[in-house]
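Structure first, commentary second.
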Number of protein chains: 2
Amino acid sequence: MPHEIHKAIARNAMLMKALPEQHRDTLLSRAIWKHYDRGETLFLQDEEATAIHIVLDGWIKLYRVTPSGNEAVVSVFARGESFGEAVALRNAPYPVSAEAATPCDVMHIPSNALVDLIRHDSEVGLTILSSTFNHLHSLVSQLEQLKAQTGAQRVGFFLLALADCETGQCTVKLPYDKVLIAGRLGMKPESLSRSFARLKDAGVKIEKDMARISDIQALRDYVEEEQ
Amino acid sequence: MPHEIHKAIARNAMLMKALPEQHRDTLLSRAIWKHYDRGETLFLQDEEATAIHIVLDGWIKLYRVTPSGNEAVVSVFARGESFGEAVALRNAPYPVSAEAATPCDVMHIPSNALVDLIRHDSEVGLTILSSTFNHLHSLVSQLEQLKAQTGAQRVGFFLLALADCETGQCTVKLPYDKVLIAGRLGMKPESLSRSFARLKDAGVKIEKDMARISDIQALRDYVEEEQ
DNA sequence: CCGATATCTTGACTTTCATCAAGGGGTTTG
DNA sequence: CAAACCCCTTGATGAAAGTCAAGATATCGG
């Protein structure tokens with residue numbers, strides 16, 4: 001039953017984690033679960049935002065259509081990540097479009113649900129605000145730390161974040177389009193390809209759109225090596 | 001009269017920018033202005049946070065004392081930046097210590113002032129929350145974009161952010177300790193030194209702790225070159 | 001089933017940055 | 001005043017990633 005797993009993922013998304021149990025339940029009860037096939041559109045640029053989105057499974061890409069007509073990928077989100085908070089809280093129009101890069105499960109939390117919660121209990125606003133600042137600082141230091149690692153280590157770290165098991169072997173599903181992953185990790189497709197090749201020594205095998213990790217702990221050791 | 005300039009800087013700090021005029025005035029009226037000499041301590045690790053800090057002039061470094069006894073710089077903040085929001089909003093103990101890396105002017109906003117504002121008007125919480133998410137995303141994309149530039153371009157960008165004039169020539173004051181700047185820009189001191197050398201072509205001259213930019217626009221052009 | 005197109009991988013070369021090592025300029029200390 | 005020290009700069013070298021180009025593989029349409 002994937003539903004229970006999805007609930008657990010949603011509960012641990014950054015936005016929800018800050019809240020006490022009962023408030024999370026409130027939000028979950030008002031949330032909308034939805035499946036998207038590859039290429040399906042979540043929303044288009046200039047549409048008015050009415051919800052915050054949490055990726056439960058799969059990959060979402062945010063893109064902007066350039067004046068010259070082709071699309072520029074702004075960012076890519078994987079399982080457990082949320083996006084659209086800023087615009088949803090103001091009911092502003094989206095500055096980008098969103099599309100499923102792989103088959104996806106997404107939870108939509110109506111922005112009203114969150115706004116109601118904050119209006120009703122200003123303590124909730126303070127809590128989320130505080131955890132957001134924390135998240136902001138940890139993100140910055142995380143990005144700085146990632147610079148100190150090699151490409152292969154960054155890829156390994158990234159795979160670990162997506163692995164849903166604690167030990168032993170594990171399989172991670174990747175988007176078909178490797179350019180998306182490369183962009184997300186701040187490298188060129190060629191470099192990503194070479195990083196994958198190096199990760200073979202750490203027990204990672206790439207098969208089409210799946211990454212097989214033969215030993216989670218071995219990969220952890222590899223990522224944390226000599227920094 | 002530097003006081004007016006400081007007020008303008010404070011009003012434009014990320015935290016304040018989100019708020020409507022009258023609320024900014026409220027916060028400013030309850031804020032404490034303070035000067036610190038080089039090496040002076042703002043707060044120590046484990047002290048309870050009671051204020052949010054905005055750097056008006058100079059450089060503040062956040063550091064942690066490692067078990068082995070020497071200090072590790074966690075981050076460095078320059079004019080216009082704020083820090084300590086997350087801990088202040090929860091009255092939690094500081095996880096790091098803060099010290100003036102140069103002579104500094106700092107504004108302290110008592111966390112009570114902000115908390116009162118949010119408690120009294122939950123709309124304020126929503127506004128700050130929304131602007132914080134914006135800031136978060138812009139920070140991430142900014143960091144990603146910076147990776148695509150050479151070291152010299154990053155240094156140039158950094159100097160531009162500190163320059164307080166729009167056109168013509170300008171002088172930026174740097175911390176005495178260049179290791180701080182290097183750390184902030186994610187490079188080694190040697191690389192920083194070489195980047196400075198390259199920026200001579202873009203009309204930047206380093207004299208002790210001052211960077212003289214002979215033409216702001218020329219530097220802008222250099223930074224944006226061929227990406 | 002086969003060819004056309006797009007995507008991914010591999011190879012050779014270049015640029016950039018980290019590292020190690022040595023030299024220079026200023027300040028501090030005996 | 002000179003020796004010691006600190007920090008910054010400069011040089012040489014190597015590792016990592018970007019670029020350009022070619023080859024391999026996969027996907028799609030006929």
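Letters A, B, ... mirror the listed sequences (proteins, then strands); counts begin at 1.
Rounded to an integer number of Å, the gap from Lys178(B) NZ to dG25(C) C1' is 13 Å. In this structure, Lys205(A) atom NZ and dC8(C) atom P are separated by 20 Å, rounded to whole Å. If you measure from atom CD of Gln153(B) to atom C1' of dT16(C), you get 12 Å, rounded to the nearest angstrom. Rounded to an integer number of Å, the gap from CZ of Arg154(B) to P of dT16(C) is 12 Å.
At distances below 3.5 Å, not a single donor-acceptor pair connects side-chain atoms of Gln45(B) with backbone N or O atoms of Val96(B).
By the ring pair (Phe, Tyr, Trp, His ring centres under 6.0 Å) test, His135(A) pairs with no residue at all, sequence neighbours left out. Residues satisfying the side chain to side chain donor-acceptor pair (under 3.5 Å) criterion with Asp177(B), sequence neighbours excluded, are absent altogether. Arg194(A) is linked by a salt bridge (Lys or Arg N to Asp or Glu O under 4.0 Å) to nothing, counting only residues two or more places apart in sequence or in another chain. Annotation: ring pair (Phe, Tyr, Trp, His ring centres under 6.0 Å) contacts of Phe196(B) (sequence neighbours excluded): none. For the ring pair (Phe, Tyr, Trp, His ring centres under 6.0 Å) test, residues two or more places apart in sequence or in another chain that qualify with Phe77(A) are Phe83(A). By the ring pair (Phe, Tyr, Trp, His ring centres under 6.0 Å) test, Tyr63(B) pairs with no residue at all, sequence neighbours left out.
Computed from C1' positions of five pairs at each end, the angle between the two local axes of the helix from dC1(C)-dG30(D) to dG30(C)-dC1(D) equals 30°, rounded to 10 degrees.
Every pair passing side chain to side chain donor-acceptor pair (under 3.5 Å) that includes a residue from residues 197-216 of chain B is listed here, sequence neighbours excluded: Thr171(B)-Arg212(B), Glu207(B)-Arg212(B). Note on residues 181-192 of chain A: pairs passing side chain to side chain donor-acceptor pair (under 3.5 Å), not counting sequence neighbours, are Glu81(A)-Arg184(A). Residue pairs meeting the side chain to side chain donor-acceptor pair (under 3.5 Å) criterion with at least one partner in residues 93-106 of chain B, sequence neighbours excluded, are His35(B)-Asp105(B), His53(B)-Tyr94(B).
Along DNA chain D, read 5' to 3', the first and last nucleotides having any atom under 4.0 Å from a heavy atom of chain A are dA17(D) to dC20(D).
DNA chain C is contacted by Lys188(B), Glu190(B), Ser191(B), Arg194(B) of residues 188-202 of chain B, taking any non-hydrogen atom closer than 4.0 Å.
Comparing Gly151(A) and Lys208(A) by the nucleotide of DNA chain D that holds the closest heavy atom to each, the one mapping nearer the 5' end is Gly151(A).
Within a 6.0 Å radius of NZ in Lys178(B), more than 12 heavy atoms belonging to other residues, nucleotides or ligands are found.
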